[in-house]
Engineer: 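Please see the structure below; I have some questions.
Numbers restart at 1 for each chain; the letters A, B, ... are given by sequence-line order, proteins then strands. Every value quoted in this text rests on a predicted model; they were computed, and no experiment measured them.
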Protein chains: 2
Amino acid sequence: MAGAAMAETAATQAAERPLVSVDVVLFTLGGPVRQGRPGLQVLLARRARPPFAGCWALPGCFVGPTESLEVAAHRAIRHLTTARGIYLEQLYTFGEPDRDPRGRVITIGYYALVRADQVQFPAAPAGAEAECAAWFPADALPPLAFDHDYIIGYARWRLRNKIEYTDIAFQVLPDRFSLTHLRQVYEAVLGETLDKRNFNRKVLSSGLLVETGAVQGGQAHRPARLYAFVRRQPGGTIAPVAPGQAAPRQHDHDAGKD
Amino acid sequence: MAGAAMAETAATQAAERPLVSVDVVLFTLGGPVRQGRPGLQVLLARRARPPFAGCWALPGCFVGPTESLEVAAHRAIRHLTTARGIYLEQLYTFGEPDRDPRGRVITIGYYALVRADQVQFPAAPAGAEAECAAWFPADALPPLAFDHDYIIGYARWRLRNKIEYTDIAFQVLPDRFSLTHLRQVYEAVLGETLDKRNFNRKVLSSGLLVETGAVQGGQAHRPARLYAFVRRQPGGTIAPVAPGQAAPRQHDHDAGKD
DNA sequence: GCAAAAGTGTTCGGAATACACCCATGG
DNA sequence: CCATGGGTGTATTCCGAACACTTTTGC
């Protein structure tokens with residue numbers, strides 16, 4: 001809420017108002033193939049300014065006075081990525097008073113799983129301290145600024161949970177993909193090997209995939225069939241909703257349990 | 001993060017810093033018994049000051065300069081409640097630029113399910129516009145200030161999900177309770193009737209309950225056995241953790257899937 | 001023809017569901 | 001003795017887990 005207890009006005013001194021930032025944990029799949037699958041990677045930016053100058057940190061920025069949190073989060077990665085339409089999900093808000101040495105900074109974390117080719121790095125300015133960005137294996141992160149290692153750890157934990165009951169895995173896949181590709185996404189996020197037969201049966205019976213008829217070319221050996229992800233058709237449900245029985249309320253943030 | 005992109009300093013004008021508040025959605029069970037169970041209720045406070053003076057709203061307050069978000073959330077309800085140790089869970093952060101007519105206010109929502117007797121109302125000051133608090137049935141809320149109806153709707157949705165896989169239901173129960181009492185909590189939160197036999201079997205086989213030996217007195221008819229909630233014994237696990245296999249990382253916020 | 005990855009069927013056990021009757025107590 | 005809520009057992013179904021061989025293609 002706002003203002004029931006404290007008599008705070010717009011004239012409040014700046015020192016009493018915390019700074020508000022957003023930090024984005026972008027995950028992708030890539031790197032060397034280990035255990036038959038690529039690894040989970042995290043996008044980090046090298047800080048050009050103190051505090052923690054030269055240190056790696058999550059992409060982030062302060063929230064503008066009339067800017068929504070989602071817009072700020074997109075702005076934080078816009079100078080690194082070309083693709084629009086990345087679906088960012090709010091992670092958590094970190095507000096411990098001592099988490100930033102400059103003073104009180106509250107940060108709202110966002111995260112997403114994206115295709116690596118959606119994120120392109122501009123030519124890095126010269127200089128050892130220059131700001132630049134790179135993917136790092138989630139299992140071998142460099143020392144990080146602030147509490148960003150904790151934020152990333154929490155984001156990984158959420159991603160592991162969310163991938164079980166949301167569509168989040170499809171965000172990292174191209175329009176057409178093989179079942180093996182899809183399974184590798186799950187394996188990389190979950191950190192474990194999945195049974196191919198059980199996995200295929202499950203995703204095919206979910207009704208979320210359609211066979212495109214195309215097959216994967218270029219590889220040696222047997223080509224894989226390619227599938228496409230089909231969203232639940234908006235308004236095209238077979239069973240009509242009973243009158244008087246309101247459709248479950250939609251919350252555009254957080255499509256699953258959490 | 002903080003400060004990678006914008007060159008913001010402590011001298012930033014107050015107008016550019018958003019206000020940060022916390023709002024708390026306190027749920028309890030009470031009210032008239034309908035469909036064999038009490039209903040879900042929400043604690044609301046009547047606003048004494050503009051905006052929305054005289055309107056009902058969630059208890060909330062602004063976050064102090066050196067105060068953690070959790071502490072602020074507890075402070076928001078401290079003048080209404082006597083019990084300490086309420087387990088508040090972070091819900092979501094609402095930051096749309098126009099959600100408060102006074103200007104930019106970002107609010108971090110918290111929620112909890114508590115026993116009604118933990119919350120005691122101080123004698124309300126006289127006057128129609130005086131600040132006071134009361135429980136309202138979650139299905140019949142008055143018009144609310146700000147976007148608080150949306151926040152409550154989201155909190156109810158989260159509560160429904162969380163009760164399936166967390167201990168949250170036990171927070172609303174006394175130390176000793178009957179299985180029927182526990183089931184009524186689930187039924188009120190889920191909004192549906194549960195099969196008594198299947199429910200009892202499930203909760204008893206979960207290992208989270210111990211029979212106290214006591215029975216419920218005072219009622220007519222057969223007295224119910226009383227159970228107590230047993231937390232997972234810390235360090236008393238039977239199966240030893242395999243060496244080299246790190247225990248899963250703990251995140252003290254969000255004990256379940258989120 | 002061989003190496004490599006794709007693709008498929010069956011069995012088993014545990015969990016969730018549906019369902020109906022007896023028990024203990026106070027009045 | 002009866003009204004009321006407490007307490008229990010069984011059959012069925014569904015889902016997840018385990019497990020190994022055949023097929024297709026490029027080379």
Side-chain angles (χ1 to χ4, degrees), chain A residues 29 33-38 160-161 163-165 169 173-174 176-228 257, chain B residues 29 32-38 160-161 163-165 169 173-174 176-188 190-228 239 256-257:
Chain A
L29 261 63
V33 172
R34 271 184 275 242
Q35 296 146 356
R37 57 175 181 262
R160 271 197 300 274
N161 287 320
I163 203 174
E164 304 270 19
Y165 57 91
L173 292 170
R176 299 170 162 203
F177 51 87
S178 67
L179 294 183
T180 296
H181 195 175
L182 178 60
R183 181 164 43 83
Q184 286 175 342
V185 175
Y186 277 80
E187 289 180 339
V189 169
L190 297 174
E192 61 185 325
T193 300
L194 301 175
D195 183 274
K196 180 171 48 161
R197 288 160 292 194
N198 294 334
F199 181 84
N200 288 6
R201 192 177 16 244
K202 185 151 90 169
V203 297
L204 287 177
S205 70
S206 75
L208 295 175
L209 297 188
V210 285
E211 202 169 337
T212 62
V215 294
Q216 199 160 35
Q219 286 76 352
H221 321 306
R222 178 172 180 174
R225 298 181 208 170
L226 295 179
Y227 294 82
K257 295 185 181 176
Chain B
L29 259 64
V33 172
R34 271 184 273 241
Q35 296 146 353
R37 61 181 117 95
R160 270 198 301 275
N161 287 320
I163 203 173
E164 304 270 20
Y165 57 91
L173 293 169
R176 299 169 164 204
F177 51 87
S178 67
L179 294 182
T180 295
H181 195 174
L182 178 61
R183 181 164 42 84
Q184 285 175 341
V185 175
Y186 277 81
E187 290 179 340
L190 296 175
E192 61 184 328
T193 301
L194 301 175
D195 184 274
K196 178 170 54 161
R197 289 161 291 196
N198 294 334
F199 180 85
N200 288 4
R201 197 182 5 249
K202 184 151 90 168
V203 297
L204 287 176
S205 70
S206 75
L208 294 176
L209 297 187
V210 284
E211 204 169 331
T212 63
V215 294
Q216 199 160 35
Q219 284 77 354
H221 320 306
R222 178 172 180 174
R225 297 181 208 169
L226 296 180
Y227 293 82
K257 293 185 184 176

Engineer: Could you list by number each residue of residues 185-198 of chain A showing a heavy-atom separation from DNA chain C of less than 4.0 Å, or answer none if no residue does?
Structural biologist: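 Correct list: K196(A), R197(A).
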Engineer: Check the distance between dA6(C)'s P and F199(A)'s CZ and give it to me in whole angstrom.
Structural biologist: 13 Å
Engineer: With a 4.0 angstrom cut-off to heavy atoms of chain A, pull out the first and last contacting nucleotide of DNA chain D, in 5'-to-3' order.
Structural biologist: dA17(D) to dG26(D)
Engineer: When the distance from CZ of R201(B) to C1' of dA20(C) is rounded to whole Å, what number comes out?
Structural biologist: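 It is 13 Å, rounded to the nearest whole Å.
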Engineer: Enter the distance from E187(A):CD to L182(A):CG here, rounded to the nearest 0.5 Å.
Structural biologist: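 Result: 10.0 Å between the selected atoms.
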Engineer: Scan residues 195-205 of chain A for pairs that pass salt bridge (Lys or Arg N to Asp or Glu O under 4.0 Å), counting only residues two or more places apart or in two chains.
Structural biologist: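 Sorted result for residues 195-205 of chain A: D195(A)-R197(A).
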Engineer: I need the CG-P distance between L204(B) and dA16(C), as an integer number of Å.
Structural biologist: 14 Å
Engineer: With rounding to the nearest 0.5 angstrom, report the OH to CG distance, Y227(B) to N200(B).
Structural biologist: 7.5 Å
Engineer: How long is the line joining CG of N200(B) and P of dA16(C), in whole Å?
Structural biologist: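 About 14 Å, once rounded to whole Å.
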Engineer: Base, sugar-phosphate alone, or nothing: which one does R225(A) contact when heavy atoms must sit under 4.0 Å apart?
Structural biologist: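 Here R225(A) touches the backbone only, sparing every base.
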Engineer: Would T180(B) and Q184(B) count as a side chain to side chain contact (heavy atoms under 4.5 Å, CB included) here? Give the steps.
Structural biologist: CA-CA 6 Å; T180(B) 295; Q184(B) 285 175 341; 4.1 Å; yes
Engineer: Please state how far atom NE2 in H221(B) lies from atom C1' in dG27(C), giving the value in whole angstrom units.
Structural biologist: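 Going from NE2 in H221(B) over to C1' in dG27(C) covers 8 Å.
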Engineer: May I have the distance from Q216(B) (atom CD) to dG26(C) (atom C1'), rounded to whole angstrom?
Structural biologist: 14 Å
Engineer: Hey, what do you get for CG (L226(A)) to CD (Q216(A)), rounding to the nearest 0.5 Å?
Structural biologist: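 The distance works out to 5.5 Å.
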Engineer: Filter on ring pair (Phe, Tyr, Trp, His ring centres under 6.0 Å), then keep only pairs touching residues 190-211 of chain A, sequence neighbours left out; what's left?
Structural biologist: Y186(A)-F199(A)
Engineer: Using the salt bridge (Lys or Arg N to Asp or Glu O under 4.0 Å) rule, collect all pairs that involve residues 211-225 of chain A, keeping only residues at least two apart or in two chains.
Structural biologist: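 Salt bridge (Lys or Arg N to Asp or Glu O under 4.0 Å) check on residues 211-225 of chain A returns E211(A)-R225(A).
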Engineer: Please evaluate residues Q35(B) and T193(B) with respect to the criterion side chain to side chain contact (heavy atoms under 4.5 Å, CB included), reporting the C-alpha separation (whole Å), side-chain torsions for both, the decisive distance (0.1 Å), and the verdict.
Structural biologist: CA-CA 9 Å; Q35(B) 296 146 353; T193(B) 301; 5.7 Å; no
Engineer: What's T180(A) touching, base or sugar-phosphate or nothing? Going by heavy atoms closer than 4.0 Å.
Structural biologist: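 It contacts sugar-phosphate atoms only.
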Engineer: What integer distance in Å separates R183(A):CZ from dG7(C):C1'?
Structural biologist: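 After rounding, the reported distance stands at 11 Å.
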Engineer: Would you please name every residue forming a salt bridge (Lys or Arg N to Asp or Glu O under 4.0 Å) with R160(B), sequence neighbours left out?
Structural biologist: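 R160(B) satisfies salt bridge (Lys or Arg N to Asp or Glu O under 4.0 Å) with no other residue.
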Engineer: Nearest-Å distance, CZ (R37(A)) to P (dA5(C))?
Structural biologist: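 Roughly 15 Å, once rounded to whole Å.
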Engineer: Relative to the 5' end of DNA chain D, which residue comes earlier, Y227(B) or R222(A), by the nucleotide with the nearest heavy atom?
Structural biologist: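 That would be Y227(B).
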Engineer: Which of these nucleotides, dA16(C), dG7(C), dG26(C), is closest to any side-chain atom of A220(B)?
Structural biologist: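 Nearest to the side chain of A220(B) among the choices is dG26(C).
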